[in-house]
S.K.: 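Structure provided below as structure tokens; questions to follow.
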Amino acid sequence: ADLVTDWDAAGLTIRIANPTALEPGDGGGHGVVGMRERATANGGRLTAEPGGEHFVVEAWLPLAADREVTP
């Protein structure tokens with residue numbers, strides 16, 4: 001997997017690109033839906049989609065020292 005992070009005064013971007021030939025998980029988590037819900041609950045956003053020969057997940061999370069973050 002490739003991992004790229006970038007940040008500025010407004011927020012943090014995290015991008016992960018995994019080869020698409022991965023084995024399915026065991027179903028023990030909430031997957032993309034759970035990641036998207038957590039990002040949105042904290043004022044961010046998340047996309048997850050095929051990108052060429054990889055599956056790409058990109059999240060943007062706001063940086064704000066004066067607000068409570070949801071786990």
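Note: hydrogens, waters and symmetry copies are ignored here, and every other heavy atom, side chains too, is used.
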S.K.: Can you check whether Pro19 reaches His54 side chain to side chain, under 4.5 Å on heavy atoms?
M.R.: yes
S.K.: Give the minimum heavy-atom separation between Val32 and Ala48, together with the two atoms involved.
M.R.: CG1-CB, 3.7 Å
S.K.: Can you name the closest pair of heavy atoms from Leu63 and Asp8 and give their distance?
M.R.: CD1-O, 3.4 Å
S.K.: Quick one: are Arg45 and Thr40 in side-chain contact, heavy atoms under 4.5 Å?
M.R.: no
S.K.: Given the rule that I, L, V, M, F, W and Y join up when any side-chain heavy atoms are under 4.5 Å apart, are Val4 and Leu61 in one cluster?
M.R.: no
S.K.: Measure the spacing between CG of Leu3 and CD1 of Ile14 and express it to the nearest 0.5 Å.
M.R.: 7.5 Å
S.K.: Could you check whether any side-chain N or O of Arg38 sits under 3.5 Å from a backbone N or O of Gly34, counting only pairs where one atom can act as donor and the other as acceptor?
M.R.: yes
S.K.: Assess whether side-chain contact (heavy atoms from CB on, under 4.5 Å) is satisfied between Glu58 and Thr13, documenting all intermediate values.
M.R.: CA-CA 7 Å; Glu58 184 170 302; Thr13 300; 3.9 Å; yes
S.K.: Is there side-chain contact between Leu46 and Met35, with heavy atoms separated by less than 4.5 Å?
M.R.: yes
S.K.: Looking at CG of Asn42 and CH2 of Trp60, how far apart are the two atoms once the value is rounded to the nearest 0.5 Å?
M.R.: 11.0 Å
S.K.: Is Ile16 reachable from Trp7 through a run of I, L, V, M, F, W or Y residues, each pair having side-chain heavy atoms under 4.5 Å apart?
M.R.: yes
S.K.: First locate atom CZ of Arg15, then atom CG of Asp2, and finally report the distance between them rounded to the nearest 0.5 Å.
M.R.: 8.0 Å
